[in-house]
Every structure is written in C-alpha cells, then in structure tokens.
Amino acid sequence: KAKELGRNMFQYYSAEMNSTVTDRLELLNRLRQAIPNDELVLHYQPKLNLASGEIIGVEALIRWNSPHSGLVSPGAFIPLAEETGLIIPIGEWVLQTACRRNRAWQDAGYPPVVISVNLSPRQLARGDIVQQVERVLAETGLDAQWLELEITESVMATDVEKSFAMLTELRAMGVRISLDDFGTGYSSLSYLKRFPVDTLKIDQSFVRDIAIDGNSAAIVRAIVSLGHNLNLNVLAEGIETAEQSALLRQNGCNEGQGYLISRPVPEQDFLKLLNR
Ligand code: C2E
Ligand code: MG
Ligand code: MG
Ligand code: MG
C-alpha cells in the first residue's frame with residue numbers, strides 16, 4: 001500500500017516538475033522573441049511632491065505585451081530574465097527607450113522631468129553599466145541630470161567595492177541614484193553613510209500599514225529622519241489612500257508615488273498628467 005502510494009506520489013511530482021520545466025522553457029522562448037518582435041512596452045508612474053502636487057519625476061516600469069498571454073507584469077518574467085541573463089538585453093532596451101522618450105517629451109515642450117529606470121543587480125554585476133549609460137545618453141541626447149537609476153540594497157551585498165565605484169562614476173556624470181524598496185533588504189547603515197545615493201524609496205510594505213500599525217509608522221519616521229540627516233531625498237512608494245499621504249507628510253516625507261496619485265499608465269496618459 002505504502003509502496004503504491006509512494007509510486008503515485010513520485011509520478012505526481014515528476015509530472016508536475018516536467019510541466020514546470022516545459023512551461024519555463026516555453027516562457028523563455030517567447031520572452032527571447034519579445035525584443036525582436038517589439039512586444040515590450042514601458043508604462044509610466046509619476047512621482048509627486050506631496051505638498052504641492054507637482055510632478056517631480058516619473059518611473060518607467062516594463063510590461064510585456066505578449067500575443068500569447070496579453071499584458072504581462074514584470075513580476076511574471078523579470079525573475080526568469082534575471083536567471084537566464086536575458087535581463088541584459090531587456091535592461092538595455094528599457095534604458096534606451098526611457099531616455100529616448102524623455103528626450104522626445106522635452107523636445108515636444110513638456111515640462112522636463114527626471115525619469116527613473118530600475119536596474120537589476122545583474123546589470124551592475126556585469127561591470128559595463130557606466131559605459132552603457134554613457135553611450136545611451138549620447139545616442140539619445142538626454143542630459144544626465146534627467147536620468148535616475150533605481151537599485152535595490154542587494155547590490156551592496158554582491159561586490160560592494162565594485163558597485164561603489166560604478167555608482168560613484170555614474171553620479172559624477174550627473175545621473176541620480178535611488179535605493180528602491182528601502183528597509184526590506186540587506187541594509188547596513190554603515191554602507192549607507194558612504195553609499196553614493198541621492199534618494200531613499202521607502203518600501204510600500206511600510207506605507208501600506210502606516211495608518212494601522214504603529215511599528216510601520218515608527219519605521220517610516222525613522223527612515224525619513226535617517227535620510228534627511230544624511231542629506232538624502234526620501235520618497236514613499238505605494239501610497240493608496242489620502243490618509244497614508246497625510247500621515248507621510250506629517251512625518252516629514254514630502255515625495256511620493258502610488259495608486260492614489262496614478263497607476264503606472266501608457267505614455268499618452270502620462271503626458272496628459274504632465275500637461276496639467
Ligand atoms: P518597483 O521598482 O519597486 O516598482 C513598484 C511596483 O509597485 C510597481 O509594480 C508598481 O506598479 C507598483 N505600485 C505602484 N504604486 C502602487 C500602489 O499604490 N499600490 C500597489 N499595491 N502597488 C503599487 P510593477 O510595475 O508590477 O513592477 C514590479 C517590480 O518589477 C518593480 O518593483 C521592479 O523591481 C521590477 N521592474 C519593473 N520594471 C523593471 C525594469 O524595467 N527592469 C527591472 N530590472 N526591473 C523592473
Ligand atoms: Mg522601482
Ligand atoms: Mg520599489
Ligand atoms: Mg519592488
């Protein structure tokens with residue numbers, strides 16, 4: 001009986017594993033075609049000064065318009081792209097497109113904004129990000145001051161000295177650096193003291209609970225004062241309610257991003273917001 005059960009379980013798991021491997025391979029093959037087939041798109045989410053309501057920047061967020069599955073969110077394909085190295089061409093496409101669009105908006109007379117691009121640790125680990133950014137800025141004609149790179153704390157955990165050197169060079173070029181999902185990762189405060197960074201982005205998990213959980217509110221307050229004491233900008237992500245926005249401002253956080261203000265939207269919708 002037990003043997004029978006064991007065999008059935010083995011079959012069950014092996015069938016499941018096979019289908020998972022097949023699914024991943026199919027996804028990977030389709031994803032490989034996404035750039036040549038022009039299926040990747042950027043959506044844009046504004047960053048606001050919470051007090052004045054003024055748009056101070058915009059984050060470019062990738063989506064995959066797959067003929068097979070419709071509009072796919074990054075959570076469903078970025079991890080696979082990171083594991084397989086496909087993130088390198090995809091990341092370069094994002095950087096190129098974000099810079100080219102931002103320059104085009106400026107040329108069309110829209111108020112200039114800083115555009116933020118998310119970098120995966122792997123793009124930094126390759127070691128040629130400085131050259132890549134230089135080349136993309138030259139090709140697109142975007143001034144470095146209008147580009148920000150969002151990195152997570154995990155880059156500090158990989159090759160600290162190399163990351164420091166590259167980020168320092170990027171900042172010397174005039175590119176801004178932002179620490180994304182701050183508070184959730186490997187955060188060593190001693191790194192932060194000398195880390196070449198302009199902005200801390202308070203992770204949305206703290207913002208989500210700010211009105212209902214005293215610990216989250218205390219963490220937000222601590223990040224805000226830490227950031228400001230280190231002369232950094234502090235921005236809250238994931239603001240969904242007016243109450244959260246008010247509490248953030250009360251706690252000294254004057255920059256934010258979230259569904260309350262706008263979801264990430266296609267370019268034309270973002271330009272309408274920018275024009276207001
Ligand atoms: P992230 O950079 O931390 O971006 C914030 C995520 O939270 C985005 O999800 C955004 O749509 C979502 N969000 C914004 N406001 C709210 C809100 O008020 N409530 C809630 N619940 N969510 C909100 P998205 O677009 O699905 O992106 C997820 C993650 O995928 C990003 O997290 C980023 O780590 C990664 N990602 C997105 N685009 C790129 C890219 O071009 N390159 C790389 N390497 N990663 C990317
Ligand atoms: Mg981000
Ligand atoms: Mg984030
Ligand atoms: Mg995130």
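Heavy-atom basis, side chains included; hydrogens, waters and symmetry copies ignored. In listed order, ligands and their atoms are each counted from 1.
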Per-residue contact class, Arg63 against ligand 1 - non-hydrogen pairs under 4.0 Å
side chain
Could you list who else is in Leu71's hydrophobic cluster, with ILVMFWY side chains joined at under 4.5 Å, directly or through other members?
Val41
For Trp105 and Phe270, take the angle between the two ring planes, folded into 0 to 90°, and tell me which bin it lands in: parallel under 30, tilted 30 to 60, perpendicular over 60.
tilted
Holding to salt bridge (Lys or Arg N to Asp or Glu O under 4.0 Å), I want the full list of residues that pass it with Arg103, two or more places apart in sequence or in another chain.
Asp107
Ligand 1 atoms in contact with Gln45 (distance to a heavy atom under 4.0 Å):
14 (C), 15 (N)
For ligand 1, which atoms have a heavy atom of Ile239 less than 4.0 angstrom away?
18 (O)
Which ligand 1 atoms are under 4.0 Å away from a heavy-atom of Gly238?
16 (C), 17 (C), 18 (O)
Evaluating non-hydrogen atoms only, which member of Pro79, Ser205, Ser73, Pro74 is closest to atom 30 (O) of ligand 1?
Pro74
Could you list the atoms of ligand 1 found under 4.0 angstrom from a heavy atom of Glu237?
3 (O), 5 (C)
Taking all non-hydrogen atoms of both residues into account, name the closest pair between Phe206 and Ser216 and its distance.
O-CB, 3.6 Å
Should Lys201 and Glu59 count as an ion pair when the cut-off is N to O under 4.0 Å?
yes
Would you please determine whether Pro264 falls within less than 4.0 Å of ligand 1 on a heavy-atom basis?
yes
Has ligand 1 got any nitrogen or oxygen that is less than 3.5 angstrom from a nitrogen or oxygen of Ile87?
no
Do other residues, nucleotides or ligands put more than 12 heavy atoms under 6.0 Å from Asn29 CG?
yes
Polar contact flag for Glu82 and ligand 1 (N/O pairs, less than 3.5 Å):
no
Would you mind telling me which of Ser73, Pro264, Pro74 makes a side chain to side chain contact (heavy atoms under 4.5 Å, CB included) with Ile62?
Pro74
When you measure from the Mg ion (ligand 3) to each N, O or S atom of Asp181, which atom gives the shortest distance?
OD1
For ligand 1, which is the ligand I care about here, please tell me if Glu240 has any N or O atom under 3.5 Å from one of the ligand's N or O atoms.
yes
Would you say CZ of Arg263 has more than 12 non-hydrogen atoms from neighbouring residues, nucleotides or ligands within 6.0 angstrom?
no
N, O or S atom within Glu150 nearest to the Mg ion (ligand 2), by name:
OE1
For Leu50, which of Leu260, Leu235, Ile56, Ile261 qualifies under side chain to side chain contact (heavy atoms under 4.5 Å, CB included)?
Ile261
Just wondering, is there an N, O or S atom on Glu237 that's nearer than 2.8 Å to the Mg ion (ligand 2)?
no
Specify the closest pair of heavy atoms between Ile177 and Val197, including all atoms of both residues, with the distance to one decimal.
O-CG2, 3.5 Å
Just jot down the ligand 1 atoms closer than 4.0 angstrom to any heavy atom of Glu59, in number order.
2 (O), 4 (O)
Examine Asn118 and say whether one of its N/O/S atoms is closer to the Mg ion (ligand 2) than 2.8 Å.
yes
May I ask you to say whether Arg24 pairs ionically with Glu83, meaning some side-chain N is under 4.0 Å from a carboxylate O?
yes
Within the 4.0 Å heavy-atom cut-off, what Asp181 brings close to ligand 1 is side chain
For Asp180, what is the atom name of its N, O or S atom nearest to the Mg ion (ligand 3)?
OD1
Atom name of the N, O or S atom of Glu59 nearest to the Mg ion (ligand 2) is OE2
Would Gly75 count as a contact residue for ligand 1, given that I'm defining contact as a non-hydrogen atom of the residue lying under 4.0 Å from a ligand atom?
no
Over all heavy atoms of both residues, which pair between Pro46 and Leu273 is shortest? Give the atoms and the distance, please.
CG-CD1, 3.9 Å
